[in-house]
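Here, residue 1 is the first one in the sequence, and each next residue gets the next number. Small disclaimer: the values here were computed from a predicted structure and weren't measured.
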Amino acid sequence: MNHWLEKSKENLLPLSVASSFGEALKEWFFTGVVFDRGDEDIFCELCEHPDLASHFEIKNRHKHNILLVGSSCILRFQDIEILDKAGVAITDDNERKSALDKALRDKIIESSLESLRDLWRSDIQNRRKIAELGIAVKNGEALHPEDLLFLFDRMNQLNVEYLATRYKISLRSDNAKYQLAGMSDSEIKKIWPALSNQQKAKAREVNKRIVY
């Protein structure tokens with residue numbers, strides 16, 4: 001017996017009109033709303049799989065019930081509709097995944113911008129630089145190590161809430177690598193959560209003082 005499938009049936013059917021799981025799935029669609037949960041301990045309300053990083057909202061078009069689920073469940077159960085901008089259901093598997101990925105990226109960017117807006121309001125003397133870096137974040141760009149360290153330092157000093165993992169860092173250019181090589185251990189630890197696993201390996205090559 002597939003544990004996740006059985007849990008999905010148990011959780012979906014009471015909130016749907018149809019009595020069969022296959023027909024009930026057709027009543028649900030992705031609303032476009034994503035919740036970036038950060039470090040919260042969350043699970044999928046459909047299959048009950050734990051350790052999710054984000055919630056995707058699906059809604060029943062008849063009963064208007066809502067479930068907060070993982071993207072994998074939406075992709076696994078293809079009868080849960082994902083609509084394009086024109087309101088037409090996306091049927092191609094790759095396009096469905098791309099639509100969910102974009103929705104998540106947009107939410108992460110918006111969440112990171114919320115912290116930068118709070119910082120901009122609080123840090124009057126650095127507003128110009130914060131605005132410039134905010135534009136880069138809004139455009140989905142990764143920041144150089146020194147720029148990210150500047151933002152994190154200012155947010156820490158002014159008690160602005162933020163989640164380091166929401167921000168992207170670039171280590172591709174020689175300048176970015178040079179900046180990282182010149183950072184102290186305490187400075188690197190501040191930006192460390194923003195690095196991907198691949199970037200962390202590269203950072204250890206660039207800065208031999210990194211031992212974690």
Side-chain angles (χ1 to χ4, degrees), residues 1-118 137-142 161-168 193-200:
M1 181 178 68
N2 186 315
H3 171 74
W4 307 115
L5 178 58
E6 292 304 312
K7 284 295 181 183
S8 298
K9 291 179 180 179
E10 289 177 14
N11 292 321
L12 190 80
L13 287 174
L15 302 177
S16 307
V17 174
S19 57
S20 71
F21 185 61
E23 289 300 312
L25 284 170
K26 297 175 183 179
E27 301 173 15
W28 293 81
F29 65 98
F30 170 51
T31 66
V33 175
V34 180
F35 297 93
D36 176 25
R37 300 303 193 185
D39 294 328
E40 293 181 39
D41 184 17
I42 61 173
F43 66 95
C44 175
E45 293 182 353
L46 183 56
C47 74
E48 298 187 12
H49 195 286
D51 304 323
L52 299 186
S54 304
H55 268 147
F56 293 73
E57 182 183 85
I58 61 172
K59 186 175 184 179
N60 185 284
R61 59 172 43 87
H62 302 307
K63 301 179 72 173
H64 308 295
N65 290 317
I66 285 174
L67 285 171
L68 301 179
V69 306
S71 60
S72 59
C73 264
I74 298 177
L75 296 175
R76 182 185 302 120
F77 301 122
Q78 296 183 351
D79 285 322
I80 299 177
E81 288 187 341
I82 302 173
L83 306 176
D84 63 17
K85 292 182 179 180
V88 178
I90 302 171
T91 56
D92 181 81
D93 288 345
N94 291 329
E95 291 181 10
R96 281 168 58 84
K97 185 178 186 306
S98 294
L100 294 184
D101 289 345
K102 182 181 184 304
L104 177 58
R105 285 196 305 272
D106 290 347
K107 179 58 182 180
I108 290 174
I109 288 174
E110 180 56 31
S111 296
S112 63
L113 288 174
E114 287 177 7
S115 296
L116 294 187
R117 293 185 189 108
D118 289 342
V137 170
K138 185 176 182 179
N139 292 333
E141 299 174 17
E161 292 186 6
Y162 71 97
L163 189 63
T165 54
R166 288 176 177 151
Y167 298 85
K168 294 192 298 184
L195 275 67
S196 66
N197 289 333
Q198 185 177 2
Q199 287 179 321
K200 288 175 180 176

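- Atom SG in C44 sits 9.0 Å away from atom NE2 in H49 (nearest 0.5 Å).
- F77 has its ring centre less than 6.0 Å from the ring centre of F21.
- With rounding to the nearest 0.5 Å, the separation of CZ in F43 from CG in L46 is 11.0 Å.
- Within 6.0 Å of the NZ atom in K63, the count of heavy atoms belonging to other residues, nucleotides or ligands exceeds 12.
- The OG atom of S71 sits 6.0 Å away from the CG atom of L100 when rounded to the nearest 0.5 Å.
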Stepwise side chain to side chain contact (heavy atoms under 4.5 Å, CB included) check, V69 with I74: CA-CA 8 Å; V69 306; I74 298 177; 3.7 Å; yes
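- Here the shortest heavy-atom pairing between A99 and I90 reads CB-CD1, 4.0 Å.
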Is there a side chain to side chain contact (heavy atoms under 4.5 Å, CB included) between N2 and E6? Walk through the geometry before answering. CA-CA 6 Å; N2 186 315; E6 292 304 312; 5.7 Å; no
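- Residues L67 and L15 meet the side-chain proximity criterion, which asks for heavy atoms closer than 4.5 Å.
- E10 has a carboxylate O that lies under 4.0 Å from a charged side-chain N of K7, or vice versa, which qualifies the two as a salt bridge.
- Under a 3.5 Å cut-off, the side chain of Q199 and the backbone N or O of S196 do form a donor-acceptor pair.
- Among all heavy-atom pairs drawn from G22 and D79, the shortest one is O-OD2, 3.9 Å.
- Atom CZ in R96 sits 4.0 Å away from atom CD1 in I82 (nearest 0.5 Å).
- At least one side-chain heavy atom of L52 sits under 4.5 Å from a side-chain heavy atom of H55.
- In this structure, the side chains of E48 and H3 stay at 4.5 Å or more apart for every pair of heavy atoms.
- Contact of the I108 side chain with the L104 side chain is registered, since non-hydrogen atoms from C-beta on lie closer than 4.5 Å.
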Let me have the donor-acceptor pairs involving side chains of residues 24-33, under 3.5 Å, with sequence neighbours excluded, atom names and distances please.
from: K26; atom 1: NZ; to: E23; atom 2: OE2; distance (Å): 3.2
from: E27; atom 1: OE1; to: V17; atom 2: N; distance (Å): 2.8
from: E27; atom 1: OE1; to: N60; atom 2: ND2; distance (Å): 2.7
from: E27; atom 1: OE2; to: V17; atom 2: N; distance (Å): 3.3
from: E27; atom 1: OE2; to: A18; atom 2: N; distance (Å): 2.7
from: W28; atom 1: NE1; to: S16; atom 2: OG; distance (Å): 2.9
from: T31; atom 1: OG1; to: V33; atom 2: N; distance (Å): 3.2
from: T31; atom 1: OG1; to: E57; atom 2: O; distance (Å): 3.3
from: T31; atom 1: OG1; to: E57; atom 2: OE1; distance (Å): 2.8

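- Here the side chain of Y167 pairs a donor or acceptor atom with the backbone of S112 at under 3.5 angstrom.
- The distance from atom OG of S98 to atom CG of D92, rounded to the nearest 0.5 Å, is 8.5 Å.
- Scanning all heavy atoms of the two residues, the minimum distance from W4 to P50 falls at CH2-CD, 4.1 Å.
- Between D93 and K97 no salt bridge is recorded (no basic side-chain N to carboxylate O distance below 4.0 Å).
- For the residue pair P193 and T165, the shortest heavy atom distance occurs at O-CG2, 3.4 Å.
- Remark: K102 NZ is loosely packed, at most 12 non-hydrogen atoms of other residues, nucleotides or ligands lying under 6.0 Å away.
- Between the side chain of S115 and the backbone N or O of E161 there is at least one donor-acceptor pair closer than 3.5 Å.
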Do S72 and F56 pass the side chain to side chain contact (heavy atoms under 4.5 Å, CB included) test, and can you show the C-alpha distance, the side-chain angles, and the key distance before you say yes or no? CA-CA 10 Å; S72 59; F56 293 73; over 6 Å; no
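- Between N11 and E45, every side-chain heavy-atom pair lies at or beyond the 4.5 Å cut-off.
- By the 4.5 Å heavy-atom criterion applied to side chains, V137 and E141 are not counted as neighbours.
- Going from atom CG of L195 over to atom NZ of K168 covers 13.5 Å, rounded to the nearest 0.5 Å.
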